[in-house]
Trainee: 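I'd like to ask some things about the structure below.
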Protein chains: 2
Amino acid sequence: MANIRDIAQMAGVSVTTVSRVINNHPYVSEEKREAVIQAMEKVNYQVNRTAVNLSQGKTHLIGVVVPFARHPYFGLLIEGVAKQAMERHYHFVLIQTNYEGSREWEALNMLKHKQIDALIICSRTLALDEIERYQQYGAIVVCENATGNQYVDSVYIDHYQSFTDALTYLHQHGYQQIGYCIGRQSGSNSYFRHQAYQDFLKRYPQQEFIFTDNYYFEDGQKIVDEIMQLRVKPDALLVSCDIVAAGIFTAVQNIGIEIPNDLALIGFDNQPMSKMMGITTFEVPIVTMGERLFIHALGEAETSHEKLAVTLIERKTV
Amino acid sequence: MANIRDIAQMAGVSVTTVSRVINNHPYVSEEKREAVIQAMEKVNYQVNRTAVNLSQGKTHLIGVVVPFARHPYFGLLIEGVAKQAMERHYHFVLIQTNYEGSREWEALNMLKHKQIDALIICSRTLALDEIERYQQYGAIVVCENATGNQYVDSVYIDHYQSFTDALTYLHQHGYQQIGYCIGRQSGSNSYFRHQAYQDFLKRYPQQEFIFTDNYYFEDGQKIVDEIMQLRVKPDALLVSCDIVAAGIFTAVQNIGIEIPNDLALIGFDNQPMSKMMGITTFEVPIVTMGERLFIHALGEAETSHEKLAVTLIERKTV
DNA sequence: TTGTAGGCGTTATCAC
DNA sequence: GTGATAACGCCTACAA
């Protein structure tokens, strides 16, 4: 494959001139430009991006860390990132961690080794102060409330507030035994939601119902099975993601539990599926969040920490 | 940031020696190795992968082209690719095309510009002979029957056969008005399925029912709406992906259509969701397919074209 | 076992 | 306008 020197020789100019025409820089006469273009076309010249990267000290690549790539929530987040990446002529390396710390380290090391320019961590298991240290190698953005942290940027929604709003809404509609379903128990976002739940329980004492490790549609069945084992059952459920809510909605139909009379449901994210099933949910601007994460990764955001608003969509499950 | 030369100087050795210890090459005395390691630790030395890439002419990166990253089918495919990539210390750049040709060109150009070593095309809209030409820049693997093509590798399942099997199975169970639901009409895999359907109709004449542009759960509702408009309705549906079948299954419950009596359903892929809902489906080894795609991309496959087997999982919707 | 020197393909800084 | 030439950071004959 021809390189820039070959082209220079063929066109009878210097590599500088060739570089200028490649990058549309000024100060090159029309004849020489023409000659260079001729030469490039003749041998089907293509720039080697690796060389450009080395020379510029940039890769035009950012890393995106997700626990599960095929979860609808992260799917939308990725979509947002991809959208901005494309517009700005960037690409991204997807790193699925399954919440294994070693994979997160690997992503961090890619930053260290200059394989990527910046890193977006959509969800993490490593401690934030471990992650912070890698900020010296490139921008790091997390998708959780990291307000006050001076090393990493963050884009997030106020999970405490939205959970509180949802609980209050259910309470106002007369529900008295409210539980919630979530993915993992640990994690920053889960923490805020749990806090909201605990604070709500202080105001309106009732039994606690928490269902954990729920990520996918089929986990809805699992939750319903668990509920059926209970002597005292919840009469309303806050479900951290729509697809699980849809699973509950479906699983419940065969066993004579009526929604919303016997059981109310509030989902999160406003995935298309919840619309079709008429599930009351919170609209979370996930795609926008992905886009903003990317903007922060490029260091083009005005503020370090950015909160996005959510809105309740009232449908038929409350 | 320190480079290999700095380390060499600090340790009082040559860059060659440093390179040797970095890459665990033989022929370096214990003392020198120790000195180098000391120096590296002292300044927290990290290799610059871009430089390694340029020097070796490899990026250790492969491109993965999908139309929609958050579709469950492609999600599983990506999972398979990711699995192998991790084991072999590769990473991958995800390119979502939305079936826009320009995005596919972009992926092809990444190969040309040596930003990636190889390219996996999970689904395409560009013509295969356009794609073929880029094979000179790196291995290209497609996820469709490309038997006989000498430029690109392929990993695929026999859609003609599985569709034929499914149609026959439905026929044997007494269904007489069989239709099918699919994503896009064009595309190689769709072509084979359509052929199977046409050939079946020749053997057992009946009205034709084809529902296109169905990708997600909510499209099930769309299909059911369309069916309700029909004077003559299908009594069985072959659905090219489980999630759509699940959507149909759900949409049908409110309008008094009984499954499988009024309408039989056969899905594809055996996604967890179909298990939960008891949907009869074909088990397609999607994750394995992703893994094999990766192996082919690395040029480590024994044959150029590889067919994977599918099996029918009988459940309650036929 | 070790080191020298050239190469990988660009970009960027000067001087002309 | 144009062109040497030195980075960028690493690898690898080849020589010693």
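Lettering follows sequence order; numbering is per chain, from 1.
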Trainee: Of the nucleotides dG9(C), dT12(D), dT2(C), which has the atom closest to the Ala51(A) side chain?
Mentor: dG9(C)
Trainee: For Ser29(B), which contact category applies under a 4.0 Å heavy-atom criterion: base, sugar-phosphate, or nothing?
Mentor: sugar-phosphate
Trainee: Nearest whole angstrom, please: distance from the P of dG9(C) to the CE of Met1(A).
Mentor: 8 Å
Trainee: When rounded to the nearest 0.5 angstrom, what distance separates CG in Leu298(B) from CD1 in Ile295(B)?
Mentor: 7.0 Å
Trainee: Report which part of the nucleic acid Gln46(A) touches: base, sugar-phosphate, or nothing (heavy-atom distance under 4.0 Å, all strands).
Mentor: sugar-phosphate
Trainee: Could you give the CG-to-P distance, from Leu54(A) to dG7(C), as a whole number of Å?
Mentor: 17 Å
Trainee: Checking only heavy atoms, does the side chain of Arg5(B) share a donor-acceptor pair with the base of dG9(D) at less than 3.5 Å?
Mentor: yes
Trainee: Closest approach of Tyr27(B) and Arg20(B), non-hydrogen atoms and distance?
Mentor: O-CD, 3.8 Å
Trainee: State whether Arg103(A) and Glu100(A) are salt-bridged, where the test is any N-O pair (Lys NZ or Arg NE/NH1/NH2 against Asp/Glu carboxylate O) under 4.0 Å.
Mentor: yes
Trainee: Any donor and acceptor pair, going by atom type alone, linking the side chain of Tyr151(B) with main-chain N or O of Ala139(B) inside 3.5 Å?
Mentor: no
Trainee: Counting only distance, no hydrogens or angles, is the base of dT1(C) paired donor-acceptor with the side chain of Thr17(B) under 3.5 Å?
Mentor: no
Trainee: If you assign each of Gln56(A) and Arg20(B) to its closest nucleotide in DNA chain C, which residue comes earlier from the 5' end?
Mentor: Arg20(B)
Trainee: Could you tell me the separation between the CG atom of Asn48(B) and the P atom of dG9(D), rounded to a whole number of Å?
Mentor: 6 Å
Trainee: Are OP1 or OP2 of dT11(C) and a side-chain N or O of Ser19(A) less than 4.0 angstrom apart?
Mentor: yes
Trainee: Gln115(B) CD to dT10(C) C1': how many Å, rounded?
Mentor: 14 Å
Trainee: To the nearest Å, give me how far apart CD (Gln9(B)) and P (dT4(C)) are.
Mentor: 12 Å
Trainee: Within the 4.0 Å heavy-atom criterion, would you say Asn53(B) contacts the bases, only the backbone, or no part of the nucleic acid?
Mentor: nothing
Trainee: Can you measure from CD (Gln150(A)) to CD (Gln135(A)) and round to the nearest 0.5 angstrom?
Mentor: 9.0 Å
Trainee: Give a yes/no on whether any side-chain N or O of Tyr27(A) is located under 4.0 angstrom from OP1 or OP2 of dC16(C).
Mentor: no
Trainee: According to a strict under-4.0 Å criterion, is Asn3(A) in side-chain N/O contact with OP1 or OP2 of dT10(C)?
Mentor: no
Trainee: On the nucleotide dG3(C), are OP1 or OP2 found under 4.0 Å from the side-chain N or O atoms that Thr16(B) carries?
Mentor: no
Trainee: In whole angstrom, give the distance that lies between atom NE2 of His25(A) and atom C1' of dT2(D).
Mentor: 15 Å
Trainee: Does a side-chain N or O from Lys114(B) land closer than 4.0 Å to OP1 or OP2 of dG9(C), or not?
Mentor: no
Trainee: Expressed in angstrom and rounded to an integer, what is the separation of Lys58(A) atom NZ from dG9(D) atom P?
Mentor: 16 Å
Trainee: Are Glu104(B) and Arg124(B) ion-paired here, with the side-chain N under 4.0 Å from a carboxylate O?
Mentor: no
Trainee: Within the modelled atom types, does a donor on one side and an acceptor on the other bring the side chain of Ser55(A) and the base of dA12(C) under 3.5 Å apart?
Mentor: no
Trainee: Roughly how many Å is it from OH in Tyr137(B) to C1' in dG9(C), rounded to a whole number?
Mentor: 16 Å
Trainee: Ignoring the backbone of Val15(B), work out which of dT10(C), dC11(D), dT11(C) is nearest its side chain.
Mentor: dC11(D)
